[in-house]
Amino acid sequence: MRIATFNINGVKARLPALLDWLARAEADVVCLQEIKSQDHTFPREPFEDAGWNLETHGQKGFNGVAILSRRPIEDVTRGLPGDDADEQARYIEATISGDAGGAIRVCGLYLPNGNPTPGPKYDYKLAWMERLRARAAELIAGEETALLAGDFNVIPQPEDAARPEAWTEDALALPETRAAWRRIVNQGWTDAIRAFHPGPEVYTFWDYQAGAWQKNDGIRIDHLLLSPQAADRLAGAGVDVAARGGEKPSDHTPAWVDLDL
DNA sequence: ATGGTAGAAGGTCTA
């Protein structure tokens, strides 16, 4: 079973590029971030016509996450637990079965950017990461076959940026951000991309500005974290860099894992 | 310090 994550930066603007990528990617499940649509304005038909089941958690203007799946999407929950007043659409969970009889709890997330720092947006990011840590701990304690997939807006280490010195004061790389990331990973999650690609220059985001893509001035901020039970099934992982070079691309490119489930 | 680009909107806000 191949599961991918893709921050598409607007589903309506990305419709041709996304459908083209879906037709080529051989993914069974895709977690989407930044759909920038409400649930009732999401263009469902082209995806359903292409054979995808679809669950969305959207809002007006920005944010918004969704799960596409070839197989049925079950037990869907929307929103990250821990703050009933949080109205930002950044989290969706569902259970999906594989062909081999297994199943996985897929958690699609769009972690807050947090800039500028310091300030309320960075406070919100750190609070959101603490809520994610708590939910992740439940999944670990329950010995679930689980995957946290999405745009984490975290550059885990200096080697995850082409120019690490440019990010030292940024919400994506501040020591508090990295500490919060480690508190989650160190529960027992496997960073699947790093497990298969330990070297430098593995990036998932290149800014639209200043020729970042042409200069390969990228950062690795889209991640797939596997619980121990999921990591036992891990057969491969990668980043589909080519998608960033296509027509009218997102500023992110997809990352994926192959699991024997 | 500024501006560079992009998307959802049809205001600016977000990134």
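The sequence lines fix the lettering, A, B, ..., with proteins before strands; numbering per chain opens at 1. Note that the structure is a prediction, hence the values are computed from the model and not measured. The figures here come from the full heavy-atom set of this structure, side chains too, leaving out hydrogens, waters and symmetry mates.
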Fill in: Span that lies between the C1' atom of B/dG11 and that of B/dG7, in whole angstrom
14 Å
Worksheet item: Please give, in whole Å, the distance from B/dG7 P to A/Gln33 CD?
Response: 17 Å
Worksheet entry | Nearest-angstrom distance from the residue atom CD of A/Gln214 to C1' of B/dT5 | 12 Å
Discussion item. Output the rounded distance in Å from NE2 (A/His252) to P (B/dA6).
Written reply: 14 Å
Worksheet entry | Along DNA chain B (nearest heavy atom to each residue), the more 5'-positioned of A/Ala210 and A/Tyr110 | A/Ala210
Worksheet item: Does one side chain, of A/Thr5 or A/Gln33, offer a donor that lies under 3.5 Å from an acceptor on the other?
Response: yes
Response to the item:
Closest to the side chain of A/Tyr208, out of B/dA9, B/dT5, B/dA15, is B/dT5
Item to complete: Would you mind reading off the distance between A/Asn7 atom CG and B/dA15 atom C1', rounded to a whole angstrom?
Response: 10 Å
Item to complete: May I ask you to evaluate whether A/Lys36 reaches the phosphate of B/dT14, defined as a side-chain N or O under 4.0 Å from OP1 or OP2?
Response: no
Discussion item. Tell me whether A/Gln38 at atom CD has more than 12 heavy atoms from other residues, nucleotides or ligands lying less than 6.0 Å away.
Written reply: yes
Fill in: Candidate nucleotides B/dG7, B/dG10, B/dA15, ranked by approach to the side chain of A/Asn9 - the nearest
B/dG7
Practice prompt. Starting from C1' on B/dA6, measure out to CD on A/Glu247 and report it in whole angstrom.
Written response: 15 Å
Fill in: Spacing of the P atoms in B/dA9 and B/dA15 (rounded, Å)
16 Å
Practice prompt. For B/dT14 and B/dG10, measure between their P atoms and round to the nearest Å.
Written response: 15 Å
Fill in: Atom pair distance, as rounded to whole Å: CG in A/Asn63 and C1' in B/dA15
10 Å
Response to the item:
Checking A/Glu143, A/Glu138, A/Glu93, A/Glu74 against A/Arg105 for salt bridge (Lys or Arg N to Asp or Glu O under 4.0 Å), the one that qualifies is A/Glu93
Item to complete: Give the rounded distance in Å between these two atoms: NZ of A/Lys125 and C1' of B/dA15.
Response: 11 Å
Worksheet entry | Joint cluster assignment, A/Phe6 & A/Leu109, ILVMFWY side-chain distance < 4.5 Å | no
Fill in: From CA spacing to verdict: side-chain hydrogen bond (donor to acceptor under 3.5 Å, both in side chains), A/Tyr203, A/Thr253
CA-CA 9 Å; A/Tyr203 309 132; A/Thr253 209; over 6 Å; no
Discussion item. If you only use heavy atoms from C-beta on, which nucleotide in B/dA8, B/dA15, B/dT5 is closest to the side chain of A/Gln209?
Written reply: B/dT5
Item to complete: Can you tell me, in whole Å, how much space there is between the C1' of B/dA1 and that of B/dT12?
Response: 22 Å
Discussion item. Can you see if the side chain of A/Lys121 gets near the phosphate of B/dT14 - specifically, an N or O under 4.0 Å from OP1 or OP2?
Written reply: yes
Discussion item. Distance check needed: B/dT14 P versus A/Glu34 CD, whole Å only.
Written reply: 12 Å
Worksheet entry | Short side-chain N/O contact to B/dA15 OP1/OP2 from A/Arg90, under 4.0 Å | yes
Fill in: Residue mapping more 5' on DNA chain B - nearest nucleotide basis, A/Asn113 or A/Ser37
A/Ser37
